[in-house]
Protein chains: 2
Amino acid sequence: MPDELSPRGRELVAAARVLLEAEGPEGLSMRRLAERVGVTAPSVYKHLPDKAALEHAVISDAFAEMAVAFAAAVDGAGDRLGALATAYRRFASAHPHLYRLMTTRPLDRGRLRAGVEAAAAAPLVAAVGGDADAARAAWAFAHGMAILEIDGRFPPDADLDAAWARGIAAFRPGAA
Amino acid sequence: MPDELSPRGRELVAAARVLLEAEGPEGLSMRRLAERVGVTAPSVYKHLPDKAALEHAVISDAFAEMAVAFAAAVDGAGDRLGALATAYRRFASAHPHLYRLMTTRPLDRGRLRAGVEAAAAAPLVAAVGGDADAARAAWAFAHGMAILEIDGRFPPDADLDAAWARGIAAFRPGAA
DNA sequence: TACGGTTGGTGAACAGCGTTCACCAACCGG
DNA sequence: CCGGTTGGTGAACGCTGTTCACCAACCGTA
């Protein structure tokens, strides 16, 4: 609960983010992180209770970043859903390791900074016209596309722009 | 390439599947697997080159299983897409650890048993009317729903039946 | 029948992981 | 000056995947 981090703690979270994005999850070990910051591994535990807390801090930052990116994307856009999908896809492609950390495997919401997930989700709910079921379906579609794309699950010759377009059309308010 | 496994090899793959489903990915270690089969860990390497090969063998089996489940689901169904979605969702819910192993993180197709992935995908392409873009979008939607559901990412009060229905309607042939 | 190669097992070891422990130096307020 | 907190340390524990040298049993052939 003492969501406040020491300056060293913030430094560690920032370094973890860099390490993760540069080398992937394998590269993000407590020893390597500590080394980056010029300290030994046990010292990390003076600032963060465990590795999960470190990851949740990185994830919280990322959700906050997502929220501002999404808000900017819909701002003044005619096709809000399309703009949002583009921003979503771009975020995942630009930060694949980070996106996987955020979305892969169960997430302990209690360890996330409060409100940060809802802030990222809000523009989508608005863009589909307030229909919660449609928002969840659209989110599932976007997440599925994004994760399958960055994981290289689609055939190399697949026209992903077309698949995205097909899904976006399906969830535009009033459709289906 | 010698896709043929020794009897012991098959025994190991079967035990790995049981271990994975019972205890999750943490429980699936080479030592614990070996112990289950009454052998020591280095012995496993006489039958399988490494842990990734073991996992790919489990995944190949699972895809083959999926393929027969999906074929059975669409067989004689009026709403093929709906039937397929139900079967997909049921598979993921019934085998969450297995489903995560199959779909989470990049997959080295070269290590999969040939054709097994395409066999699982075929019924969907048919159900959606042969449109590859729509099939990919529908797959992304189904995967997104399934993985978010088994990972507990939706709010506990979310009406997931409704979200599934909304997405299925969106991808029915002719829609959008 | 004796021999040689393959098959499949073993214990020991290595490097790396997250984490805990006892310890200690420096700082800071009373 | 003194006591407590803060933040660092090296050593260690148990776990991981994996490699190594070794060895016993089997099996086909000379």
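Here is the naming used below: chain letters follow the sequence lines, and residue numbers restart at 1 for every chain.
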- Integer-rounded Å distance: D:dA21 P and B:Y45 OH: 17 Å
- Message: Please report the distance, rounded to the nearest Å, between CE in B:M30 and P in D:dG17.
- Response: 7 Å
- Between A:Y88 and A:W139, ring centroids under 6.0 Å: no
- May I ask you to say what B:L54 touches in the nucleic acid, namely base, sugar-phosphate or nothing, with a heavy-atom cut-off under 4.0 Å? nothing
- Task: For B:R109, look at atom CZ and say whether over 12 heavy atoms of other residues, nucleotides or ligands are found less than 6.0 Å away.
- Result: yes
- Quick one: label B:L28 by what it contacts on the DNA or RNA (base, sugar-phosphate, nothing), any heavy atom closer than 4.0 Å. sugar-phosphate
- Atom CD of B:E35 and atom P of D:dC15: how far apart are they, to the nearest Å? 11 Å
- Message: For B:E23, is the CD atom crowded, meaning more than 12 foreign heavy atoms sit under 6.0 Å from it?
- Response: yes
- Query: In whole Å, what is the span from the CZ atom of A:R32 to the P atom of C:dG16?
  - Reply: 10 Å
- Winner on side-chain proximity to B:V39, out of D:dT19, C:dG9, C:dT20, is C:dG9
- Note on the structure: A:E23 atom CD is separated from C:dG16 atom P, nearest whole Å, by 14 Å
- For A:R8, answer base if it contacts any base atom (sugar-phosphate contacts may also be present), sugar-phosphate if it contacts only those atoms, and nothing otherwise; contact means non-hydrogen atoms under 4.0 Å. sugar-phosphate
- Let me know the distance between NE2 of B:H47 and P of D:dT18, rounded to the nearest Å. 16 Å
- With the side chain of B:R31 defined as its heavy atoms from C-beta on, choose the nearest nucleotide among C:dT19, D:dG17, C:dC17. D:dG17
- Query: So which one's nearest nucleotide on DNA chain C is more toward 5', B:S6 or B:P42?
  - Reply: B:S6
- Item | Phosphate contact (C:dC17 OP1 or OP2) by A:S29 side-chain N/O below 4.0 Å | yes
- What's the CG-P distance between A:L12 and C:dG18, to the nearest Å? 13 Å
- Atom CG of B:L33 and atom C1' of D:dC15 are separated, to the nearest Å, by 16 Å
- Any donor-acceptor pair under 3.5 Å between the side chain of A:K46 and the base of D:dG8? yes
- Message: Tell me whether the rings of B:Y99 and B:F91 are parallel (<30°), tilted (30 to 60°) or perpendicular (>60°).
- Response: perpendicular
- Task: Side chain of A:S43 only, please: which of D:dG17, D:dG8, C:dT19 is the nearest?
- Result: D:dG8
- Hey, does the side chain of B:T40 come within less than 4.0 Å of C:dG9's phosphate (OP1/OP2), counting only N and O? no
- Query: Between A:D159 and B:R136, is there a side-chain N and carboxylate O pair less than 4.0 Å apart?
  - Reply: no
